[in-house]
Amino acid sequence: MTALFDRYEDASAAVTKLEAAGVPHSDISIVSNNEGDRHAGLIGRGTDDHRETKDSAETGAGTGATLGTVAGGAVGLLTGLGLLAIPGVGPVVAAGWLVTTLTGAGIGAATGGLIGGLTGAGVNEADAHTYSEGVRRGGTLITVRTDEMRAATVMNILEEHGSVDVDERAQTWRSEGWTAPTVAESGPTGSTSGVGLSPAGAVEGRTRVRSYSELT
């Protein structure tokens, strides 16, 4: 499951509720734009390392690493939030399984970019472009690996906390001059908890969450 949020606060609330619903930390990931160091208060790390990673993202060097954890003693995915530089997106804060994909199994270099990391995990390429653009423009992306038993619950949580309609958002960006592959349109070909899916990840009856049967 994937969902894009305009506000980090809404996305983090969704993560907290997903965990409370029994979704393991290891199956949730969050990536949030950190332009202007907006999330500085969430990260506990050395000033020099922070500056180096932030500068590399802003200059397009494309290197970075998870640096420390969220300040405080709370338990959950968000305690592992760290700073990362992603080519084409810029500085982000991120935590979860997708971070390992982005950093090449933890070596500290975001070599594939967010689009590569998402498509490598099973996300439709056109959707990956939209999500990457959404994060670049200030948004927060949540990705969740789940089974059919929890699928409807996960989708409900992501929607009720304010995830955006990615098709509508992409259309708006295109009208403003953004160019990227168009999400494929097709009828439902499968189901997750009784909800039809399209190859592009669209879920029948839902416009603010995507589901991919091969998300890994």
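- Every residue two or more places apart in sequence or in another chain that forms a side chain to side chain contact (heavy atoms under 4.5 Å, CB included) with S163 is listed here: A3, F5, E159, R208.
- Scored by the side chain to side chain contact (heavy atoms under 4.5 Å, CB included) test, T207 finds D165 as partners (sequence neighbours excluded).
- Side chain of R150 to main chain of G22: a donor-acceptor pair is present (N/O by atom type, distance under 3.5 Å, no hydrogens or angles).
- One N or O on the side chain of N156 and one on the backbone of A152 form a donor-acceptor pair closer than 3.5 Å.
- No side-chain heavy atom of R174 sits less than 4.5 Å from a side-chain heavy atom of T179.
- Shown here for V23 and V144, the closest heavy-atom pair between the two residues is CG1-CG1, 3.9 Å.
- Across T130 and V166, no two heavy atoms sit closer than the pair CG2-O, 4.0 Å.
- S132 meets the side chain to side chain donor-acceptor pair (under 3.5 Å) test with no other residue; sequence neighbours excluded.
- A donor and an acceptor atom, one from each side chain of Y8 and N33, are nowhere located under 3.5 Å apart.
- Residues A128 and V123 come closest through the heavy atom pair N-CG1, 3.9 Å.
- Between G117 and L98, the shortest heavy-atom distance links the atoms O-CD1, 3.9 Å.
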Test salt bridge (charged side-chain N to carboxylate O under 4.0 Å, His left out) on R137 and E176; report intermediate values, then the result. CA-CA 13 Å; R137 289 174 180 251; E176 297 170 348; 3.5 Å; yes
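- The side chain to side chain contact (heavy atoms under 4.5 Å, CB included) check on A95 picks up I30, L77, L81, with sequence neighbours excluded.
- Listed by first and then second residue, the ring pair (Phe, Tyr, Trp, His ring centres under 6.0 Å) pairs that reach into residues 134-176 are W173-W178, sequence neighbours excluded.
- You'll find the side chain of V209 reaches within 4.5 Å of the side chain of R206, heavy atoms only.
- Between V93 and L84, every side-chain heavy-atom pair lies at or beyond the 4.5 Å cut-off.
- In this structure, the side chain to side chain donor-acceptor pair (under 3.5 Å) partners of T140, at least two apart in sequence or on a different chain, are S32.
- For the pair I86 and V31, the minimum side-chain heavy-atom distance is below 4.5 Å.
- Among T2, I115, T143, the one residue that satisfies the side chain to side chain contact (heavy atoms under 4.5 Å, CB included) test with Y131 is T2.
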